[in-house]
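Let me begin by presenting the structure, written as structure tokens, before commenting on it.
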Amino acid sequence: SGTVVDNAEAAHNILQHLNSKHPTIKFELELPDTDGYLPILDIKLKIEPDGSIAYKLYTKLANKGITLHARSHHPNAVKTAVIRNEFKRALDNSTPGLAHLSQAAITDKFLNNGYSSEQITKAISRKRRRSTPTDSNKQLVLRIPYISDQINAQIRRALIKNNIKARLVNPRPTTVFEFSKRKRKPEVCRMRNCPTSYLKCCTCYVVYEATCGLCQASYIGSTTRQLHTRAREHLLAAGKHDKASALGEHYALQHPTSTPDIRFTIINTSPPDELRLRITEAYAIKAKRPQLNRRCEEMGIGFLA
């Protein structure tokens with residue numbers, strides 16, 4: 001709250017009166033600048049001679065003008081939304097006659113963060129598409145981590161081609177701050193005769209490669225559990241010639257009299273997000289083309305080819 005007076009002398013008199021009431025209470029006085037504007041929160045306002053109030057966007061001197069950079073790894077839709085929201089804020093916090101000054105300040109801010117004039121103009125003029133309640137009820141939500149706008153476009157084309165009514169959503173990734181705040185307990189392997197003791201075998205959400213030591217044929221898989229748990233399952237399946245397992249079938253057909261010799265390596269790790277883990281696995285299969293992965297495991301990434 002505050003008190004408005006018409007001259008500096010009256011303001012100083014009020015300030016002196018208030019500060020004299022108690023020695024532990026001290027009020028401050030803020031005077032308008034040379035143009036007659038007084039900053040309040042994120043606007044500057046002044047009272048015109050006719051009694052009307054004029055206001056425009058205000059940025060503190062300590063503000064560094066940093067915003068989402070043009071080269072940051074975010075979808076173009078996010079960058080467009082940031083630009084639109086900043087300009088809307090400038091427009092909402094300005095009287096009609098001063099809106100151009102506020103928008104000019106926002107334009108300079110985005111130019112200094114790597115955006116071109118064309119990008120800014122296109123973002124402002126772009127009409128926002130709003131889905132109707134009927135459409136929202138019929139659509140599924142497909143949550144896929146953001147990789148690039150090109151990949152998003154490929155996924156959308158694949159959905160349309162296959163007549164799948166789904167809305168693609170890129171979930172917010174884990175920030176560096178959030179990742180650093182996670183409490184990690186020391187990972188100590190307690191498995192007897194651990195098959196992957198030469199690796200970080202307690203790691204979860206892992207994409208791994210299992211290579212046959214007899215013929216160098218490989219298999220790529222993923223697990224949400226600790227790596228040594230999944231590795232032991234592979235070794236047991238290979239030893240029993242379990243044809244339900246890719247490695248078990250390989251040893252049954254190619255090395256029926258040999259002891260399983262399988263070497264495991266970690267290709268990649270993922271945050272605790274099973275969907276992101278499966279996508280990472282799919283890209284690893286597409287890149288390495290392992291001999292032992294079955295056809296059904298590759299069908300899910302055919303549209304990325």
Side-chain angles (χ1 to χ4, degrees), residues 1-8 11 14-15 27-137 139 141 143 146 149 152 167-178:
S1 63
T3 302
V4 179
V5 294
D6 57 0
N7 61 77
I14 293 175
L15 178 67
F27 290 88
E28 295 180 350
L29 175 64
E30 192 166 4
L31 297 173
D33 58 20
T34 54
D35 295 328
Y37 284 94
L38 189 66
I40 299 177
L41 298 179
D42 60 346
I43 63 171
K44 293 176 73 174
L45 58 85
K46 74 173 181 178
I47 300 176
E48 299 286 8
D50 61 358
S52 62
I53 298 177
Y55 54 93
K56 60 183 178 180
L57 188 68
Y58 170 64
T59 304
K60 293 181 179 179
L61 295 176
N63 189 299
K64 302 298 183 182
I66 297 173
T67 186
L68 185 67
H69 200 277
R71 294 197 302 271
S72 63
H73 188 67
H74 287 79
N76 285 333
V78 173
K79 297 173 186 176
T80 298
V82 170
I83 295 174
R84 288 171 61 90
N85 288 339
E86 282 290 302
F87 274 88
K88 183 179 183 301
R89 185 172 71 91
L91 192 62
D92 292 343
N93 290 349
S94 305
T95 47
L98 299 173
H100 66 285
L101 297 176
S102 300
Q103 291 182 331
I106 296 298
T107 300
D108 290 339
K109 177 180 178 179
F110 282 105
L111 290 174
N112 292 332
N113 280 273
Y115 294 88
S116 65
S117 300
E118 291 76 14
Q119 284 178 290
I120 297 172
T121 304
K122 184 177 179 181
I124 299 171
S125 59
R126 183 178 178 181
K127 292 183 178 179
R128 183 177 179 183
R129 181 184 176 274
R130 295 182 179 274
S131 59
T132 60
T134 306
D135 293 337
S136 300
N137 292 334
Q139 283 187 337
V141 176
R143 295 171 60 86
Y146 174 72
D149 286 299
N152 278 358
R167 182 163 57 92
L168 178 62
V169 174
N170 299 129
R172 185 180 69 83
T174 303
T175 64
V176 174
F177 176 77
E178 290 170 343

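For the numbers below, each heavy atom of this structure counts, side chains included, while hydrogens, waters and symmetry mates do not.
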(request) Evaluate the side-chain proximity of Ile43 to Tyr37: yes if any heavy-atom separation is below 4.5 Å, no if none is. (result) no

(message) So Ile14 and Leu29, do their side chains get closer than 4.5 Å, heavy atoms only?
(response) no

As an exercise, state the distance from [atom1] of [X] to [atom2] of [Y], rounded to the nearest 0.5 Å.
| X | Y | atom1 | atom2 | answer |
| --- | --- | --- | --- | --- |
| Tyr115 | Arg71 | OH | CZ | 11.0 Å |
| Leu91 | Leu98 | CG | CG | 11.5 Å |
| Leu68 | Asn113 | CG | CG | 8.5 Å |

(message) Restricting to non-hydrogen atoms, name the atom on Asn170 and the atom on Pro75 that form the minimum distance, rounded to 0.1 Å.
(response) OD1-CG, 3.8 Å

(message) Looking at every heavy atom in both Ala90 and Leu57, which two are closest together, and how far apart are they?
(response) CB-CD2, 4.1 Å

(request) Quick one: sort the His73 and Tyr146 rings into parallel, tilted or perpendicular, breaks at 30° and 60°. (result) tilted

(request) Mind running side-chain contact (heavy atoms from CB on, under 4.5 Å) on Ile120 and Ile106 for me, showing each step along the way? (result) CA-CA 10 Å; Ile120 297 172; Ile106 296 298; over 6 Å; no

(message) Considering only residues two or more places apart or on different chains, which pairs with a residue in residues 41-55 satisfy side-chain hydrogen bond (donor to acceptor under 3.5 Å, both in side chains)?
(response) Asp33-Lys44, Asp42-Arg89, Asp42-Asn93, Asp50-Ser52

(message) Can you pull out every side-chain hydrogen bond (donor to acceptor under 3.5 Å, both in side chains) where at least one residue sits in residues 94-104? Sequence neighbours excluded, please.
(response) Ser94-Ser102

(request) Mark yes or no for whether Lys79, through its side chain, and Ala123, through its backbone, hold a donor-acceptor pair below 3.5 Å. (result) no

(request) Return each pair, listed once, that meets salt bridge (charged side-chain N to carboxylate O under 4.0 Å, His left out) where at least one residue sits in residues 98-124; pairs must be two or more places apart or across chains. (result) Glu86-Lys109

